[in-house]
Amino acid sequence: MSTISLTVQTFEKEVLKDGIVLVDFWAAWCGPCRMFGPIFENASEKYPEIIFAKVDTEAEQTLSASAGISSIPTLMAFRDGILIFNQPGALPAASLDGLIASIKALDMDEVRSTLKEETA
């Protein structure tokens, strides 16, 4: 599966879906973004069960601001609608694979329980 583009209108609908959604915040002028782009695209082919999405920070400045993006590239990972990873910087392919494996291995009941405790 190739990557999809997200806008302020589609972001919430996509990241709140069940399963894993990875979002790459990028810009065309950003060198590290251009280096990470093919790694992200290759991973989208390797893991077709995951939604891989991109947000062009130049075209979607309101969305980028509301997501608190201050450095690009920034990768966010959601699982079952919960933000579980948010980090700036380009990842090498092996690190992205490791991150995906960690996300898949999460016990989401435990994650939800922890979130309830933190908000109580």
**Request:** Find out whether I4 and I51 are in side-chain contact, i.e. whether some heavy atom of one side chain is under 4.5 Å from a heavy atom of the other.
**Result:** yes
**Asked** Between D56 and A27, which heavy-atom pair has the shortest distance, and what is it?
**Response** OD1-CA, 4.4 Å
Atom pairs and distances, donor-acceptor, side-chain atoms in residues 81-90, under 3.5 Å, two or more places apart:
none

**Request:** In sequence, state the C-alpha distance, the side-chain angles, and the governing distance for I39 and L91, and then conclude on side chain to side chain contact (heavy atoms under 4.5 Å, CB included).
**Result:** CA-CA 8 Å; I39 294 168; L91 295 175; 6.0 Å; no
**Asked** What pairs with D109 under salt bridge (charged side-chain N to carboxylate O under 4.0 Å, His left out), at least two apart in sequence or on another chain?
**Response** R112
**Message:** Using only atom types and a distance under 3.5 Å, with no angle test, would you say the side chain of S113 pairs donor to acceptor with the backbone of E110?
**Reply:** no
**Asked** Linking I/L/V/M/F/W/Y whenever their side-chain heavy atoms sit closer than 4.5 Å, directly or via other members, would F25 and M35 fall into one cluster?
**Response** no
**Message:** Determine whether a donor-acceptor pair (N or O, by modelled atom type, separation under 3.5 Å) exists between the side chain of S64 and the backbone of E60.
**Reply:** yes
**Asked** Do L115 and I103 sit in the same hydrophobic cluster, where Ile, Leu, Val, Met, Phe, Trp and Tyr count as joined when their side-chain heavy atoms come under 4.5 Å apart?
**Response** yes
**Message:** Quick check for you: to the nearest 0.5 Å, what is the distance between F11 atom CZ and T62 atom OG1?
**Reply:** 13.0 Å
**Request:** Measure the CG-OG distance between D24 and S5 for me, rounded to the nearest 0.5 Å.
**Result:** 10.5 Å
**Request:** Report yes if some heavy atom in the side chain of T10 is under 4.5 Å from a heavy atom in the side chain of T7; otherwise report no.
**Result:** yes
**Prompt:** So which heavy atom on L106 is nearest to which on V111, and how close?
**Reply:** CD2-CG2, 4.4 Å
**Message:** Closer than 3.5 angstrom, by distance alone: can the side chain of Q61 be matched with the main-chain N or O of E58 as a donor-acceptor pair?
**Reply:** yes
Listing, residues 71-78 side-chain donor-acceptor contacts under 3.5 Å, not counting sequence neighbours, or none:
residue : atom : partner : partner atom : Å
T74     : OG1  : S71     : O            : 2.4

**Request:** Would you name the heavy atoms of V8 and L63 that are closest together and state the gap between them?
**Result:** N-CD2, 3.9 Å
**Item:** ILVMFWY cluster, W26 and I50 together (side-chain gap under 4.5 Å)
**Value:** no
**Item:** D97 side, atom CG; S102 side, atom OG - distance, nearest 0.5 Å
**Value:** 11.0 Å
**Asked** If every non-hydrogen atom of F40 is compared with every non-hydrogen atom of L22, which pair is closest and at what distance?
**Response** CZ-O, 3.6 Å
**Complete:** Here the gap from E14 atom CD to L6 atom CG, rounded to the nearest 0.5 Å, amounts to 6.0 Å
**Asked** Between T3 and A53, is there a donor-acceptor pair closer than 3.5 Å when you use the side chain of the first and the backbone of the second?
**Response** no
